[in-house]
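All values below were derived from every heavy atom in this structure, side-chain atoms included, with hydrogens, water molecules and symmetry-related copies excluded. Please read these numbers as outputs of a predicted model, since none were measured by experiment.
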Amino acid sequence: STQSRSSAASDVYKRQHPTRAEILRRLLCAPASVSDLVQEGLASSTGTAYHHLNELSSAGWIAKSKSGAFEIRPARVIPLMTIITAVEAH
């Protein structure tokens with residue numbers, strides 16, 4: 001069912017590394033470069049930022065734009081918003 005898929009997805013999100021969850025939330029607002037994420041305090045270094053971004057990219061959540069900024073894949077925006085809403089509701 002849709003509810004069980006949403007619940008399973010929210011469980012995955014909650015178990016996700018906290019930094020990755022914050023990066024996803026940030027990228028929902030606007031695309032960001034690695035230096036943006038470091039300057040905003042979401043990652044402690046460029047190496048750490050790339051590590052988390054590579055994991056999120058491998059999982060299919062984000063992509064790198066032609067300008068070099070990272071962004072949420074369009075097909076993942078609504079599922080991500082649904083997951084965040086479900087997690088925040090509990």
Per-pair distances, 0.1 Å, donor-acceptor, side chain in residues 70-81, under 3.5 Å, sequence neighbours excluded:
| from | atom 1 | to | atom 2 | distance (Å) |
| --- | --- | --- | --- | --- |
| R73 | NE | G60 | O | 3.3 |
| R73 | NE | I62 | O | 3.3 |
| R76 | NH2 | A59 | O | 3.3 |

Exercise. Evaluate the side-chain proximity of I83 to V87: yes if any heavy-atom separation is below 4.5 Å, no if none is.
Key: yes

Self-check item: Non-neighbouring partners of E40 that pass side-chain hydrogen bond (donor to acceptor under 3.5 Å, both in side chains), sequence neighbours left out
Solution: R26

Quiz item: What distance separates I23 CD1 from L28 CG, expressed to the nearest 0.5 Å?
Solution: 12.5 Å

Exercise. Can you measure from NE2 (H17) to CG (L56) and round to the nearest 0.5 angstrom?
Key: 10.5 Å

Self-check item: Heavy-atom closest pair, residues A32 and L37
Solution: CB-CD2, 4.0 Å

Self-check item: Partners passing side-chain hydrogen bond (donor to acceptor under 3.5 Å, both in side chains) against S58 (at least two apart in sequence or in another chain)
Solution: none

Practice problem: Output all residues satisfying side-chain hydrogen bond (donor to acceptor under 3.5 Å, both in side chains) with T46, sequence neighbours left out; order by chain, then residue number. | Solution: none

Quiz item: At their closest point, which heavy atom of L42 faces which heavy atom of T19, and how far apart are they?
Solution: O-CG2, 3.2 Å

Practice problem: Quick one: do D36 and S33 satisfy side chain to side chain donor-acceptor pair (under 3.5 Å)? Show the steps, please. | Solution: CA-CA 5 Å; D36 292 335; S33 68; 3.2 Å; yes

Exercise. Measure the CZ-CD distance between R25 and E88 for me, rounded to the nearest 0.5 Å.
Key: 4.5 Å

Practice problem: Just jot down the side chain to side chain contact (heavy atoms under 4.5 Å, CB included) partners of S67, sequence neighbours excluded, or say none. | Solution: S65, A69

